[in-house]
Amino acid sequence: MPEIDESLIKRIHQDLRDDLDEELELEFEDRSVDRIASEIEGRNFNSSPSERQIYFGELFRLQAELVKLQDWVVATKHKVVIVFEGRDAAGKGGVIKRITQRLNPRVCRVAALPAPNDRERTQWYFQRYISHLPAGGEIVLFDRSWYNRAGVERVMGFCSDDQYEEFFRSTPEFERMLVRSGIQVIKYWFSISDEEQRIRFLGRIHDPLKQWKLSPMDLESRRRWEDYTKAKEVMLERTHIEEAPWWIVQADNKKKARLNCIHHLLSQMPYEEVPHPVIELPERQRNEDYERRPAPKELIVPEVY
């Protein structure tokens, strides 16, 4: 029997514990940060209370600022595109979830495009992304973007050398065109170490609730780690432009990466709190001849819980 790597098991348990914390984040609406943090600490997770309280408290504070940012974007008709790129399991989805968690989906939406179909493969490369660009008062988060060509398509051989070079000729001009049209473009690369990706992949393999996150392409990206590193270095060098620079998020620590990314995102726009009129709940109209009829029993969902 192979020797058990205790440190590896501990790291996987840490990853699973973080997933539990993510579910508890949703309880902020009705309960205080200190109460949630103290309950978590009572479950004997080997972590100091202060670290968890800081994380939950800062996340809640930053999400409140995101709501203010959203109101400012709507009021000023600002247009924002935020690109999230990085290795598989780098934590892009987790950050996107926390940004959008308390925002209006009509204002802030996520574009996560599938692989192109046969028709889309014959289009101008950027064409299928254009329909997802924001109008005034909207924020669009691209969970992977046109940079697929510089990463997975290059490494996996899904594009030709000519297409690859054309991408680097076109992308800076494409993004400058977006900026000139009034769209702010913010680009994040989530960076994790070789060992951290290995731990996260193992966590997904052994967690039945997360196995869907592992595709054959993800596993192949693990094998081709060095090829992806080379592709990433070329991409950053050739598409880092003044109008739309790259920002690198150190993501070995998921929670710090989330806080750091959201904090930085907030710093990229000169938002301010938008005043709102006082809302008063109107009295319900009542008519003496109205009688609510009970719904047919066969339509009622069984109350199993």
Side-chain angles (χ1 to χ4, degrees), residues 79-93 95-96 109-135 138-192 197 215-249 251 261 264-265 268:
K79 296 178 284 188
V80 189
V81 160
I82 309 170
V83 170
F84 292 87
E85 294 287 345
R87 293 186 187 275
D88 295 314
K92 301 180 296 298
V95 174
I96 290 171
R109 67 178 188 274
V110 179
L113 278 62
N117 58 34
D118 291 341
R119 179 176 180 273
E120 289 170 334
R121 290 190 186 97
T122 68
Q123 294 175 343
W124 176 47
Y125 178 69
F126 298 96
Q127 189 169 335
R128 73 192 193 111
Y129 296 99
I130 289 176
S131 63
H132 296 275
L133 294 175
E138 294 179 351
I139 304 170
V140 176
L141 287 66
F142 279 93
D143 185 356
R144 296 200 180 278
S145 65
W146 45 89
Y147 283 99
N148 273 341
R149 174 140 295 176
V152 64
E153 289 191 18
R154 174 61 172 176
V155 174
M156 302 302 296
F158 296 156
C159 67
S160 67
D161 290 344
D162 288 344
Q163 290 173 323
Y164 181 66
E165 285 302 317
E166 179 58 34
F167 172 82
F168 286 125
R169 283 191 294 268
S170 299
T171 297
E173 289 307 312
F174 173 67
E175 292 177 358
R176 289 188 182 104
M177 185 165 52
L178 295 182
V179 173
R180 286 196 303 269
S181 75
I183 298 175
Q184 183 176 4
V185 179
I186 304 171
K187 302 184 300 194
Y188 289 112
W189 174 268
F190 282 74
S191 178
I192 58 171
Q197 188 190 54
S215 69
M217 198 71 68
D218 295 333
L219 298 175
E220 185 63 19
S221 74
R222 177 64 191 163
R223 191 175 71 84
R224 303 194 188 198
W225 172 275
E226 293 181 4
D227 292 335
Y228 273 94
T229 298
K230 294 174 185 176
K232 177 260 294 185
E233 291 170 348
V234 172
M235 181 192 78
L236 295 182
E237 180 182 353
R238 299 185 66 176
T239 59
H240 178 76
I241 59 176
E242 182 179 356
E243 296 86 349
W246 278 104
W247 300 99
I248 297 176
V249 180
C261 183
H264 183 269
L265 174 61
Q268 297 302 295

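Quantities reported herein were computed from a predicted structural model and do not represent experimental measurements. Quick note: numbers below take in every heavy atom, side chains included, and nothing from hydrogens, waters or symmetry partners.
Scanning both residues, F126 and T171, for their nearest heavy atoms gives CZ-OG1, 3.5 Å. Here the closest non-hydrogen pair linking A90 and A251 is O-CB, 3.4 Å. Of all heavy-atom pairs between C261 and F190, the closest is SG-CZ, 3.8 Å. Counting all heavy atoms, side chain and backbone alike, G86 lies closest to K92 at O-NZ, 3.4 Å. Scanning both residues, K187 and T239, for their nearest heavy atoms gives NZ-O, 2.8 Å.
Side-chain N or O atoms of Y125 include one that pairs as donor or acceptor with a backbone N or O of W146 at under 3.5 Å. E120 contributes a side-chain N or O that, together with a main-chain N or O of N117, makes up a donor-acceptor pair within less than 3.5 Å. Not a single donor-acceptor pair under 3.5 Å links the side chain of K232 to the backbone N or O of A150. Side-chain atoms of R109 come within 3.5 Å of backbone N or O of H132 as a donor-acceptor pair. Judged by distance alone, the side chain of R224 and the main-chain N or O of V155 form a donor-acceptor pair under 3.5 Å.
When the ring pair (Phe, Tyr, Trp, His ring centres under 6.0 Å) test is applied to W246, the partners found at least two apart in sequence or on another chain are Y147. Looking at residues two or more places apart in sequence or on another chain, you find a salt bridge (charged side-chain N to carboxylate O under 4.0 Å, His left out) between R176 and E173, E243. Residues meeting the side-chain contact (heavy atoms from CB on, under 4.5 Å) test with Q127, sequence neighbours left out: Q123, W124. Scanning for side-chain hydrogen bond (donor to acceptor under 3.5 Å, both in side chains) contacts around Y228 gives an empty result, with sequence neighbours left out. For K79, there are no side-chain hydrogen bond (donor to acceptor under 3.5 Å, both in side chains) partners at least two apart in sequence or on another chain. When the salt bridge (charged side-chain N to carboxylate O under 4.0 Å, His left out) test is applied to R119, no partner is found at least two apart in sequence or on another chain. Residues meeting the salt bridge (charged side-chain N to carboxylate O under 4.0 Å, His left out) test with R169, sequence neighbours left out: E166. Shown here are the salt bridge (charged side-chain N to carboxylate O under 4.0 Å, His left out) partners of R144, two or more places apart in sequence or in another chain: E85, D88. Residues forming a side-chain hydrogen bond (donor to acceptor under 3.5 Å, both in side chains) with D161 (at least two apart in sequence, or on another chain): R154. Under the rule for a ring pair (Phe, Tyr, Trp, His ring centres under 6.0 Å), the partners of H264 that lie at least two apart in sequence or sit in another chain are Y188, W247. Checked against side-chain hydrogen bond (donor to acceptor under 3.5 Å, both in side chains), S215 has the following partners two or more places apart in sequence or in another chain: D218. Judged as a ring pair (Phe, Tyr, Trp, His ring centres under 6.0 Å), and not counting sequence neighbours, the contacts of Y164 are F168.
Between R223 and E220 there is a salt bridge, since at least one side-chain N of the basic residue sits less than 4.0 Å from a carboxylate O of the acidic one.
Counting non-hydrogen atoms of neighbouring residues, nucleotides and ligands closer than 6.0 angstrom, the CD atom of E242 reaches no more than 12 such neighbours.
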- Can I248 and L236 be said to form a side chain to side chain contact (heavy atoms under 4.5 Å, CB included), step by step? CA-CA 10 Å; I248 297 176; L236 295 182; 4.1 Å; yes

- Message: Apply side chain to side chain contact (heavy atoms under 4.5 Å, CB included) to residues R238 and E165 and explain how you reach the verdict.
- Response: CA-CA 10 Å; R238 299 185 66 176; E165 285 302 317; 3.1 Å; yes

- Message: Please evaluate residues L133 and V81 with respect to the criterion side chain to side chain contact (heavy atoms under 4.5 Å, CB included), reporting the C-alpha separation (whole Å), side-chain torsions for both, the decisive distance (0.1 Å), and the verdict.
- Response: CA-CA 7 Å; L133 294 175; V81 160; 3.9 Å; yes

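Taken to the nearest 0.5 Å, the CG atom of L141 stands 6.0 Å off from the CD1 atom of I96. Within the model, atoms OG of S145 and CD1 of I82 stand 12.5 Å from one another, a figure rounded to the nearest 0.5 Å. Taking CE of M217 as the start and CE of M156 as the end, the distance is 5.0 Å to the nearest 0.5 Å. Note that SG of C159 is 10.5 Å distant from CG of N148, once rounded to the nearest 0.5 Å. For the atom pair CZ (F84) and CD1 (I186), the distance works out to 8.5 Å, reported to the nearest 0.5 Å. The CZ atom of F158 sits 12.5 Å away from the CD atom of Q163 when rounded to the nearest 0.5 Å.
You'll find the side chain of I183 reaches within 4.5 Å of the side chain of P134, heavy atoms only.
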